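The shown structure was predicted, so the numbers you read here are calculated from the model rather than taken from an experiment. In what follows, residues are counted from 1 in the order of the sequence shown.
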Amino acid sequence: MRSPRPLLLAAALALAVLVQIPLYERFARESLGAHMLQHVVLMSIVPPLLVLGRPRALPLNVEPWSAWLGIAVVMGIWHIPWLYDLALRHVALHAVEHASFLVFGTLFWIPVLCGRLDELRSLVYVVAGSVPGWILALVLTFAQHPLYPAYAALPHRLGGVSALGDQQIAAGVMVAIGSIPFGIAVFVYLYRWVGAERSQQVLPVN
């Protein structure tokens, strides 16, 4: 049976390119929701596919909780409103932002997908990894006013939604799409952990 790794790697590269082509960049500048989808794909969807597709080309000695802290800090910093808007205005800074999402997102998934952690630690690690995104999504959802001036000042947005509605759509993208790889990982490692616990409880037959 052929290894799925080439397909996973191809999917990762295709998605990374797709959300950065000029046409999509135009959508991202007209909608915070579309822009957040770009971030989610680069930080949460592409990295696990890269790790699964090309594990031998990656640094396998990544310290798990340092990787978790890295992705949490990167997510938090780049979504500070003034820095978020600054990246929109400067192409080079925007490229640095996207590169940091890819790098730190990939580092986050290495300890889980390359066997550095057992089932229970993997489960805890993945759940912890989803927390920063959920916090940011809650902030965007319950904010009483638009947080990003660049999007609040747009004369029109995709679908004709309001600035606050667009912000809530962005929060929904983070939760609905950004949680997919975390949800899959939680299911897999919970299943494995329960299976391992049950196998240890089975007494050998004399």
Side-chain angles (χ1 to χ4, degrees), residues 2-21 24-25 28 34-80 83-84 87 91-137 170 173-190 192:
R2 294 182 61 183
S3 171
R5 287 180 178 174
L7 291 177
L8 294 172
L9 181 60
L13 297 176
L15 285 172
V17 170
L18 180 63
V19 296
Q20 296 183 91
I21 61 175
Y24 193 88
E25 286 284 2
H35 196 179
M36 194 62 72
L37 177 60
Q38 188 180 51
H39 289 186
V40 165
V41 169
L42 293 174
M43 181 177 278
S44 300
I45 307 297
V46 171
L49 293 175
L50 282 176
V51 175
L52 290 171
R54 195 69 183 275
R56 294 182 182 179
L58 301 170
L60 302 183
N61 60 342
V62 176
E63 205 285 320
W65 294 106
S66 294
W68 176 87
L69 181 62
I71 196 173
V73 169
V74 164
M75 179 182 293
I77 287 177
W78 283 114
H79 289 90
I80 296 172
L83 187 56
Y84 196 98
V91 175
L93 188 60
H94 204 192
V96 171
E97 177 189 38
H98 286 181
S100 67
F101 288 161
L102 280 170
V103 170
F104 284 93
T106 300
L107 292 176
F108 171 82
W109 284 101
I110 288 173
V112 182
L113 300 178
C114 293
R116 289 290 311 281
L117 301 173
D118 61 27
E119 285 81 7
L120 180 57
R121 288 186 177 87
S122 293
L123 181 60
V124 173
Y125 180 77
V126 171
V127 171
S130 68
V131 169
W134 277 86
I135 292 174
L136 179 57
V173 167
M174 292 194 71
V175 172
I177 300 178
S179 296
I180 290 174
F182 294 95
I184 293 173
V186 165
F187 175 81
V188 169
Y189 287 107
L190 180 61
R192 290 181 180 178

I want to check something: taking the side chain as every heavy atom from C-beta on, are Met75 and His39 in contact at a cut-off of under 4.5 Å?
no
Extract all donor-acceptor atom pairs below 3.5 Å that involve side chains of residues 64-72 and protein atoms in other chains or at least two apart in sequence.
residue : atom : partner : partner atom : Å
Ser66   : OG   : Glu63   : OE1          : 3.0
Trp68   : NE1  : Ala128  : O            : 2.7

Walk me through it: do Leu37 and Val19 pass the test side chain to side chain contact (heavy atoms under 4.5 Å, CB included)?
CA-CA 8 Å; Leu37 177 60; Val19 296; 5.6 Å; no
List the atom of Leu8, the atom of Gly53, and the distance in Å for their closest heavy-atom pair.
CB-CA, 4.1 Å
From Leu123 CG over to Leu117 CG, what is the distance, rounded to the nearest 0.5 angstrom?
11.0 Å
Closest heavy-atom pair, Met174 versus Val40, reported as atoms and distance to 0.1 Å, is CA-CG2, 4.0 Å
Got a donor-acceptor contact below 3.5 angstrom from the Ser179 side chain to the Ala176 backbone?
no
Is Glu25 close to His35 at the side-chain level, that is, under 4.5 Å between some pair of heavy atoms?
no
Under the ring pair (Phe, Tyr, Trp, His ring centres under 6.0 Å) rule, what do Phe182 and Trp134 come out as? Steps first, then yes or no, please.
CA-CA 11 Å; Phe182 294 95; Trp134 277 86; 10.0 Å; no
Report all side-chain donor-acceptor pairs from residues 41-48 shorter than 3.5 Å, counting only partners two or more places apart or in another chain.
none

When rounded to the nearest 0.5 Å, the distance separating CD of Gln20 from CG of Leu15 is 11.0 Å
Check whether Tyr125 reaches the backbone of Phe108 with its side chain - one donor and one acceptor, N or O, closer than 3.5 Å.
yes
Just verifying a value: how many Å separate Glu97 CD and Tyr84 OH, rounded to the nearest 0.5 Å?
7.0 Å
Examine distances only and state if a side-chain atom of Gln38 and a backbone atom of Ala34 form a donor-acceptor pair shorter than 3.5 Å.
no
For Leu18 against Tyr24, the heavy-atom pair lying closest together:
O-CB, 3.6 Å
Parallel, tilted or perpendicular for Phe101 and Trp78, by the 30°/60° rule?
perpendicular
How long is the gap from CH2 on Trp109 to CG on Leu50, to the nearest 0.5 Å?
12.5 Å
Is the NZ or CZ atom of Arg192 positioned over Tyr189's six-membered ring, under 6.0 angstrom from the centre and within 45° of the axis?
yes
Please report the interatomic distance CG(Leu13) to CG(Leu49), rounded to the nearest 0.5 Å.
9.5 Å
